S.K.: 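Once you've had a glance at the structure underneath, I'll fire off some questions.
What you are looking at is a predicted structure, and each value in this text was computed from that prediction instead of being measured. Each chain gets a letter, A, B and so on, in the order the sequences are listed, and its residues count up from 1.
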Amino acid sequence: MYGAIQSRWRAVNAKVRARAQQIMSVRVRFAPSPTGHVHIGNIRAAIFNWLFARHEGGRFLLRIEDTDRERSTPEACQTLLEAMAWLGLDYDEPPVYQSTRREAHLAAAEELLARGYAYREDKGGTGRGECIVFRMPSTSIEFDDLVKGSLKKPASDLHDFVIVRSDGTPVFHLANVVDDIAMGITHVIRGDDHVENTFRHIALFRALGAPVPKYAHLPMIVNRQGRPYSKRDGAAYVGEFRERGILADALFNYLALLGWSPGDGRELLSRRELIELFTLERVQTSPAQFDMDKLLWMNAQYMRALPPAERLAGHMKDLNAHGLAPDPEYLLRVLEVMQDRIKLFSQTTEQTIYFFTEDYPVDEDAWARRWRRPGVPAAVAQLRERWMSTPFQGAPLEATLKEVAAAAGRPPADLIHAVRLAVSGTPTGPGLYAMLEVLGRERTLARLDRALARARAEGYE
RNA sequence: GACCCCAUCGUCCAGUGGUCAGGACACCAGGUUUUCAUCCUGGAAACACGGGUUCGACUCCCGUUGGGGUCGCCA
C-alpha cells in the first residue's frame, strides 16, 4: 500500500520534473547582423552560445538581424551561413530572419502604446514626424550577469528611447527583445559591448509581460593596444583564417580558450571535451588579446592529428590552386619526407615547389655561400659522376658522398649543403638523402649539371 | 565629461587568506640533426600602485593610476 503510493508519487514527480525541464530547457541564440564578413569576436560569441547549449542539452538557434538593408545583402547572409557551417556551428531550428518579423515588432509597439509603456513623439521637433518612444521605469534596474556578477543602474541613468522610427521601422532594441521572446530565449550570451543595452532590454521584457532571460556578457577580444580587435590588427574575419589554411577545429579550439578555460591546464580539447567542460562560471571577466602565434601552434597540432587522407587533400588543394596537380602517390612520398615542416596547408606549394617543377626559386645568398668555397664545385662534379651508378637510395647515396668528401679532404657538410642548394634552391628542408630519393636520379643529376655549369660561369671551382 | 566594466609572466589561462605564484604560446640556452622543422632538457619572465581588514594578503574592502565599453530615429 505504502509502496504503491510511493511509486505513484515518484511517477508524478518525474512527470512534473520532465515538464519543468521542458519549460526551463535552455534556448540560446546567436544573433549577428550579416555584414559580408564574420568577425572572430562575433563567432567566438557564437561558439560560447553553442557550447553552452550543447553542454546543457538545450537548443542553439540562429537569428539573422538583417534589418539594415544597406549591408544585409543575400551574399552577406551566405557568408555568415558558410562560416557557421565551416566551424560546425549547427543550429537546432531554421534560422529566423529578423526582416520578416516586422509585423510582430510593430504589434508589440502598439501594445506598449496601448498599455502606456510608450508614447508618440516628434522628438526634438525635428519635423521628421512621430516616432514611438519607450518609457523607462522610474525605478532602478538590476540584474545578475552570469559572468560579471550583479549590475545595477539607478533610475536617474535610465532614459526613454525610441523603439519605432518616424519612418515606421522598428529599432534594434525592440526587434531584439520581441524576437527573443518569440524564440523563447532563456539565456542571452553576447559581447560586453551590450551591457548598457541590457537595462533597456530588461525593461522591455517586463513591459511586454515576458520573463527576463539570464544574461552573460563576454569580455572583448582586443589587440595589442587593448582596443577591440579589428582587421587592421591582422586576420579578423573567419574567411581569412580559412583562406590562410587554418583548420576549423583549430580555430574553434583556440577561440574557445580566449576568455574561458577548463581550469585544469588542458588546452588541446576536442569538441566533445569542450562541450563537456564548458560552463559560464569559468568565463573570464577581463578582455583577451588575440595571439596569432598560439593559433598557428595549435593549428600545427591539429594538422598532424589529421587523418592521412584529409592531410593529403589539404596539401593537394593548395598545389592545385597554384596550377600543380601531382600524382597523389608522389605527393605522399614528398609529404613523408617533409614531415612536420609544413604548418599551414596554404604554405604547401611554397615549401615543396622544387619537388614538382624545374622552375623553383633559388636563395642566391645561400647558393653563393655554399658554392664559392674552393674545391666544392670540383668535389660535387666527382660526386655527380659517382651518383650516376650509385643505387639511388639513402644509405648508398650517403656513403658515396662521404667517400667523395673524404677524398677531397672536406667535411661532408660542405657537399651536403652545396647539393641541397643545387637540387632544391633552399638551405632549409628535409634530410638531403631522403629528398634525393624522392627527386630521383634523373632530376638530381640534371640539377647538379645546371649548378656545375653555373658555378663555372661564375668562376667558382 | 557622465555612467559602467576590467587589472597575475610579452600573450592566453591556473590560482578563490598561508603556494618556492603553476601551465601553455612566444623568447633564450643546451641536446638530437647535414640545414630547417619536429622532439627532449633547462632558463629568463608576473600578482599596476597606495591604504586598510587580518596572526597572515595575488586572493577581501576603499582609493589612485592605467586600459576598455556605452552614452543614435546603427546593430
S.K.: Counting any heavy atom closer than 4.0 Å, what does Leu258(A) reach on the DNA or RNA strands: base, sugar-phosphate only, or nothing?
M.R.: sugar-phosphate

S.K.: Can you find a donor-acceptor N/O pair under 3.5 angstrom joining the side chain of Arg420(A) to the base of rU34(B)?
M.R.: yes

S.K.: Choosing from rC13(B), rC25(B), rC73(B), which nucleotide comes nearest the side chain of Trp297(A)?
M.R.: rC25(B)

S.K.: Answer with base, sugar-phosphate or nothing: what part of the nucleic acid does Gly263(A) contact at a heavy-atom distance below 4.0 Å?
M.R.: sugar-phosphate

S.K.: Take Leu432(A) and Pro228(A), find for each the nucleotide of RNA chain B with the closest heavy atom, and name the residue whose nucleotide sits nearer the 5' end.
M.R.: Leu432(A)

S.K.: Could you tell me how far rU53(B) sits from rG42(B) if I compare only their P atoms? Round to whole Å.
M.R.: 44 Å

S.K.: Using Watson-Crick or G-U wobble geometry with both distances below 3.5 Å, tell me the partner of rA2(B), or none.
M.R.: rU70(B)

S.K.: The side chain of Asp291(A) lies closest to which of these nucleotides: rA75(B), rG10(B), rC36(B)?
M.R.: rG10(B)

S.K.: Would you indicate what Pro411(A) reaches in the nucleic acid, counting non-hydrogen atoms under 4.0 angstrom: base, sugar-phosphate, or nothing?
M.R.: nothing

S.K.: Provide the Watson-Crick or G-U wobble partner of rU19(B), both distances under 3.5 Å; none if there is no partner.
M.R.: none

S.K.: Rounding to a whole Å, what distance do you find between Asp157(A):CG and rC5(B):P?
M.R.: 11 Å

S.K.: Roughly how far apart, to the nearest Å, are rC60(B) and rA45(B) at atom C1'?
M.R.: 28 Å

S.K.: With sugar-phosphate meaning primed atoms plus P, OP1 and OP2, does Asp414(A) contact a base, only sugar-phosphate, or nothing at under 4.0 Å between heavy atoms?
M.R.: nothing

S.K.: Rounding to a whole Å, what distance do you find between Met220(A):CE and rU70(B):P?
M.R.: 7 Å

S.K.: Using a 4.0 Å heavy-atom cut-off across all strands, classify Pro287(A) as base, sugar-phosphate, or nothing.
M.R.: sugar-phosphate

S.K.: Looking only at the side chain of His417(A) (C-beta and beyond, no hydrogens), which of the listed nucleotides rA75(B), rC13(B), rU34(B) gets closest?
M.R.: rU34(B)

S.K.: Determine: side-chain N/O of Lys343(A) to OP1/OP2 of rU38(B), distance under 4.0 Å, yes or no.
M.R.: yes

S.K.: Between Arg165(A) and rA75(B), is there a contact of a side-chain N or O with OP1 or OP2 at under 4.0 Å?
M.R.: yes

S.K.: Counting only side-chain N and O atoms of Arg282(A), is one of them less than 4.0 Å from OP1 or OP2 of rG15(B)?
M.R.: yes

S.K.: Under a 4.0 Å N-O cut-off, is there an ion pair linking Asp192(A) with Lys148(A)?
M.R.: yes

S.K.: Looking only at side-chain atoms of Ser286(A), point me to the closest of rU38(B), rC6(B), rA75(B).
M.R.: rC6(B)

S.K.: Which part of the nucleic acid, if any, lies within reach of Gly191(A) when heavy atoms closer than 4.0 Å are counted: base, sugar-phosphate only, or nothing?
M.R.: nothing

S.K.: Now, which nucleotide makes the Watson-Crick or G-U wobble pair with rA7(B), with each of the two distances under 3.5 Å?
M.R.: rU65(B)

S.K.: Starting at atom CZ of Arg266(A), determine the distance to atom P of rC12(B), rounded to an integer number of angstrom.
M.R.: 22 Å

S.K.: Roughly how many Å apart are rA14(B) and rU8(B), using the P atom of each and rounding to a whole number?
M.R.: 11 Å

S.K.: Check every atom of rU38(B), rC4(B), rC12(B) against the side chain of Gln289(A) and return the nucleotide holding the closest atom.
M.R.: rC12(B)

S.K.: In whole Å, measure the gap between the P atoms of rG15(B) and rU59(B) for me.
M.R.: 15 Å

S.K.: Could you give the CZ-to-P distance, from Arg102(A) to rC73(B), as a whole number of Å?
M.R.: 17 Å

S.K.: Considering only the C1' atoms, how many Å lie between rU19(B) and rU35(B), rounded to the nearest integer?
M.R.: 44 Å

S.K.: Consider the side chain of Arg341(A), meaning its heavy atoms from C-beta on, and name the nucleotide among rU35(B), rC12(B), rG68(B) that approaches it most closely.
M.R.: rU35(B)

S.K.: Between Glu110(A) and Arg120(A), does at least one N-O distance fall below 4.0 Å, as a salt bridge requires?
M.R.: yes

S.K.: Given that Arg224(A) and Gln339(A) both sit by RNA chain B, which one's nearest nucleotide is further toward the 5' end?
M.R.: Arg224(A)

S.K.: Glu437(A) has an atom CD; how far is it from atom P of rU34(B), in whole Å?
M.R.: 16 Å

S.K.: Is there a side-chain polar atom (N or O) of Gln284(A) under 4.0 Å from OP1 or OP2 of rA7(B)?
M.R.: no

S.K.: Please report the distance separating the C1' of rC9(B) from the corresponding atom of rC4(B), rounded so that it comes out in whole Å.
M.R.: 29 Å

S.K.: Mind checking who rG42(B) pairs with, Watson-Crick or G-U wobble, both distances under 3.5 Å?
M.R.: rC28(B)

S.K.: Do Ile353(A) and Pro361(A) have side-chain heavy atoms sitting under 4.5 Å apart?
M.R.: yes

S.K.: Counting side-chain heavy atoms from CB outward, which of rA75(B), rC5(B), rU34(B) is closest to Val171(A)?
M.R.: rA75(B)

S.K.: Is any NZ, NE, NH1 or NH2 atom of the basic residue among Arg244(A) and Glu240(A) found under 4.0 Å from an Asp or Glu carboxylate oxygen of the other?
M.R.: no

S.K.: Side chain of Glu267(A), heavy atoms from C-beta onward: which of rA75(B), rC5(B), rC12(B) has the nearest atom to it?
M.R.: rC12(B)

S.K.: Can a donor-acceptor pair under 3.5 Å be found between the side-chain atoms of Lys294(A) and the base atoms of rA26(B)?
M.R.: no

S.K.: Would you measure the distance from the C1' atom in rA57(B) across to the matching atom in rC62(B) and give it in whole Å?
M.R.: 15 Å

S.K.: For Arg369(A), which contact category applies under a 4.0 Å heavy-atom criterion: base, sugar-phosphate, or nothing?
M.R.: nothing

S.K.: Does the side chain of Arg304(A) get closer than 4.0 angstrom to OP1 or OP2 of rC39(B) through an N or O atom?
M.R.: yes

S.K.: Looking at every strand, decide which applies to His173(A) at a 4.0 Å heavy-atom threshold: base, sugar-phosphate, or nothing.
M.R.: base

S.K.: Quick check on rC73(B): is either OP1 or OP2 less than 4.0 Å from any side-chain nitrogen or oxygen of Ser166(A)?
M.R.: no

S.K.: Grab the two heavy atoms, one from Ser140(A) and one from Lys152(A), that are nearest each other, plus how far apart they are.
M.R.: OG-CE, 3.7 Å

S.K.: Hey, are Arg224(A) and Asp233(A) close enough for a salt bridge, meaning a charged N less than 4.0 Å from a carboxylate O?
M.R.: no

S.K.: Kindly compute the distance separating NE2 (His55(A)) from CG (Leu274(A)), expressed to the nearest 0.5 Å.
M.R.: 12.0 Å

S.K.: Tell me the interatomic distance from Glu196(A), atom CD, to rU70(B), atom P, rounded to whole angstroms.
M.R.: 9 Å

S.K.: NA contact type, His159(A), heavy-atom cut-off 4.0 Å: base, sugar-phosphate, or nothing?
M.R.: nothing

S.K.: In whole angstrom, give the distance that lies between atom CG of Leu218(A) and atom P of rC5(B).
M.R.: 17 Å

S.K.: Are any of the side-chain nitrogens in Asp167(A) or Arg165(A) under 4.0 Å away from the carboxylate oxygens of its partner?
M.R.: no

S.K.: Rounded to the nearest 0.5 Å, what separation is found between the OH atom of Tyr91(A) and the CZ atom of Arg63(A)?
M.R.: 15.0 Å

S.K.: Taking the side chain as every heavy atom from C-beta outward, state whether Leu204(A) and Leu112(A) have any pair of such atoms under 4.5 Å apart.
M.R.: yes

S.K.: Tell whether Thr285(A) reaches the base of rC6(B) with its side chain through a donor-acceptor pair below 3.5 angstrom.
M.R.: no

S.K.: What integer distance in Å separates Lys153(A):NZ from rC3(B):P?
M.R.: 9 Å

S.K.: Quote, to the nearest angstrom, the C1' distance that separates rC61(B) from rA46(B).
M.R.: 24 Å

